[in-house]
Amino acid sequence: MENDGRRPYVPGDVETKWQDRWEAEGTNTFSTEELRDPRNTYYNLMMFPYPSAEGLHVGNIYAFTGADVHGRFQRLQGKRVFEPIGFDAFGIHSENFALKMGVHPMDLIPSNVANFTRQLRRIGGMFDWEHTVDTTDPAYYKWTQWVFLQLFKAGLAERREGSVNWCPSCKTVLANEQVIQGLCERCDTPVEQRVLPQWYFKITDYAQRLLDNLEEIDWSDTTRKAQQVGVFTTRPDTIFGATYMVLAPEHPLVPQITTPQHRDEVETYQAAMKKMDLVARQKTDKEKTGVFTGAYCRNPATGEAIPIWIADYVLMGYGTGAIMAVPGHDQRDFEFAQKFGLEIVRVVAGPGDDADTALEEAYVGPGSLVNSGQFDGMDVEKSKRKITEWLAEQGLGEPQVNYRLHDWCISRQRYWGPPIPIIYCDACGAVPVPESDLPVVLPRAEDFKPDDSGVSPLARVESWYQVDCPECGAAARRETDVSDTFLDSSWYFLRYPNTDLDDRAMDREITANWLPVDCYIGGNEHAVLHLMYARFITMALKDLGHLDFDEPFTRFRAHGLIIREGAKMSKSKGNVIVPDPIIEEFGADTFRLYLMFLGPYEEGGDYRDEGIYGPFGFLKRLWDTMHQVVSDGEAASGAPDPDVERKLHQTIQQVSEQIPELGYNTSIAAMMEYLNAVRAGGRMACRSEVEALVPMVAPFAPHMAEELWEALGHGGSVFDGANWPSFDPAKTVDETVTVAVQVNGKVRGTIEGPAGMDQNAAEALARATDNVNRHLEGASVRRVIWVQDKLLNFVVG
RNA sequence: GCGAAAGUGGCGGAAUUGGUAGACGCGCCAGAUUUAGGAUCUGGUGGCCAAAGGCCGUGGGGGUUCGAGUCCCCCCUUUCGCACCA
């Protein structure tokens, strides 16, 4: 079927027309009054991008399109969908890029944001441009600072010593991302640790709640697992085998317990450790090092005196920074004990072992206890609880849960971030900036390069940091560190519906109407930190009375990754696709459809350049078919073909069920299959057969859907009201079925019959089939398996 | 090393509770049409055998079953997290 001179499909014209109309009519934006309307709300969130100088890349578009498809689908169900987007523009990325290009970030970011905005409009997302957010805008970070102050007042922000990465060659503080295998990413110099006072958020106070709540939220399993704060169990069962103790080198007890004759050695070791960065130190394959402190302690179980060592393989940041070493049953302890000639005792006997079987390496398998006093012979698993109880009774310790979660250090000795709103006064100490004085505006410093002072470049802007103490009025000094970008993004979703307000961070009524977020879609790379921080801030703000809910995201789904030529798209691999020319040639609708068709949305897909012709052809055929129906007028108004109608209802059912589950690729395939069936053999479609395709394709190809909806004579937007088609379950049922006939499990033919026929009827049909008969000849049928409307299997002997 | 997920045509990927493996699309082949085409349309397309038909086929090897991509055991590979977490 060809176009026959009907209207050709020119994507650019259609898309410009509808983008302009949506904007002129405010189709996707909410007024403050509309935000106060609590009816039928749906908050559709996607992770806001960092506006790079390169512009939007395919990965961004993939993420936003998938989320937008979800939002548009909800809208077609009659929901009032709020779908905001913004810019996460503070942070080291922008700062480094600005340094490299010799442009000030305050000049760079606005042009990047403008470019992103242009591109985002072009892909046809349902974004509410009246409620956008830019984290570098003082009108936004005023409230980021407000969040800090709330936590500070609640005692959840605390200043204490912490170590930072320091490159002695570049003479600058490095972010963790800039440390590559223990070396500075720029000059390959080994990175050292410097201890500086820093601000921490006490997220560990919320560890149990962060863990418990995971039960209640609808998140994909993999993300939920990634959030597991990491509860671990110790090995109380092996305590009788503890033959020495190890402290982390930086453990505070070390100076107190070290005996004079070991002091030099210990201090030398500590100094060496201090220089080594954590990444290098934590390499598993590195040979273990350590020194003896000269001190002894008692094994609580055996009462024996055992030596205390310090060693690099014990980390201060984890647990208590001290371990009872059980070389018999822990490989790390075993290696250490062997190297330094410490005693190795077996306390677990595996199959075939007895109490004296020598150990070649640490034994970590199952077995029963030996050399363990009254617990000898007990099964390892069982003994864990028993020994814990016994130790508790003796007052020697109690069961404790440890979390693999550290407090959140939010200080950055950098320029490009929101200043931390604290003022230091000699008399009053650390004083919070009064809320009425917010925002503390980041001054424009022409020289924002980090230097060898080890503090933020803001410490060079004297006119800015010199202030009077808000409490006593004496000369005081601002905090010159800025806060972590993750703080900006830990609450942005709370601000979106509230950007109309400039006198408070959020309005109770509006917030209650829209939050928590109904659906959040984003990348897996943020499945741990960003989501954890956002959940923590939400919980803290709830406890402080600012919110009425605990969990910010009711449902979270991570999308997959787009691969091209066997690798993730990156500039260094040279496999990046620039979206603009593709949208220019095929249109945003085709590009959206293609990206969603590549593979399962939650798994990503393999981008092949020629693949776009498939979805492009589909949209063109859909366009031609709809215009043919329109131009045929009366002729196309007849009743649908019964077979086509059945398939239509099946397709509507399939697509309606799959889209909310993010089954985009299979939904698109179902629509293609249906259109193929409608047009099979060049037949002419009638209107009732194809009209429902328009709202169904609308989430993927919104511009074309609008255009076709209008061409079909409907007034207004296809997205106004609940235009999603419904299906009649009775009409999805096939009248005739094809049943596979097997002999001994191998397909030997098929039979056609009325749906619901009984086994006898099916057998009769099957026995009338030549090929089936041939296989049944001379054999005795021992059994017949009958699966209604599906399969008939003769089991012959 | 630990944890998680996944291995299906030339390629991306489909397959309710175990029930005709390969939907849909790309690519490829043949044909039609066009002055010619990146275009459009029709048909074909897992491998092997000349074939009605048959045999083999979902990473490899075992098993359960009338029947296994799907369930069980062992192994291999890839990807992604976490990495001396006691």
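Order of the sequence lines sets the chain letters (A, B, ...), proteins ahead of strands, with each chain counted from 1. Note that this is a predicted model, so its numbers are computed, not measured. Values below: all heavy atoms of this structure, side chains included; hydrogens, waters and symmetry mates excluded.
For B:rG67, neither phosphate oxygen OP1 nor OP2 lies less than 4.0 angstrom from any side-chain nitrogen or oxygen of A:Lys746. Phosphate proximity of B:rG54 to A:His775: present, with a side-chain N or O under 4.0 Å from OP1 or OP2. The phosphate of B:rG54 (OP1 or OP2) has a side-chain N or O of A:Arg748 nearer than 4.0 angstrom. A sub-4.0 Å separation between OP1 or OP2 of B:rU17 and a side-chain N or O of A:Lys790 is absent. Residue A:Asn665 places at least one side-chain N or O closer than 4.0 Å to OP1 or OP2 of B:rA14. Within the structure, every side-chain polar atom (N or O) of A:Arg679 is placed at least 4.0 Å from both OP1 and OP2 of B:rU40. At least one side-chain nitrogen or oxygen of A:Asn676 sits closer than 4.0 Å to the OP1 or OP2 atom of B:rG25.
When each of A:Gly745 and A:Gln742 is assigned the nucleotide of RNA chain B with its nearest heavy atom, A:Gln742 is the one assigned upstream, toward the 5' end. Between A:Thr750 and A:Gly599, the one whose closest nucleotide on RNA chain B sits nearer the 5' end is A:Gly599.
Using a 90° window around 0 for the glycosidic torsion, B:rG9 falls inside it and is classed as syn.
Base pairing annotation: B:rA32 forms a Watson-Crick or G-U wobble pair with B:rU40, both donor-acceptor distances under 3.5 Å. With a 3.5 Å ceiling on both atom-pair distances, the Watson-Crick or G-U wobble partner of B:rC11 is B:rG25. Look at B:rG3: its Watson-Crick or wobble partner, with both distances under 3.5 angstrom, is B:rC80. Look at B:rU16: it lacks any Watson-Crick or wobble partner with both distances under 3.5 angstrom.
Residue contacts shown for A:Asp770 are absent, as no nucleic acid heavy atom lies under 4.0 Å away.
Taking atom CG of residue A:Asn524 and atom P of nucleotide B:rC82, one finds them 10 Å apart after rounding to whole Å. Computed from coordinates, the A:Arg621 CZ to B:rC24 C1' distance equals 11 Å when rounded to whole Å. Atom-to-atom, CH2 of A:Trp623 to P of B:rU40 comes out at 16 Å; the value is rounded to the nearest Å.
Using C1' as the reference atom, B:rG18 and B:rA30 are 40 Å apart when rounded to the nearest Å.
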**OP:** Using the salt bridge (charged side-chain N to carboxylate O under 4.0 Å, His left out) rule, take A:Arg621 and A:Asp624 through it: C-alpha gap first, then chi angles, then the decisive distance, then the call.
**Re:** CA-CA 5 Å; A:Arg621 284 191 292 277; A:Asp624 288 347; over 6 Å; no
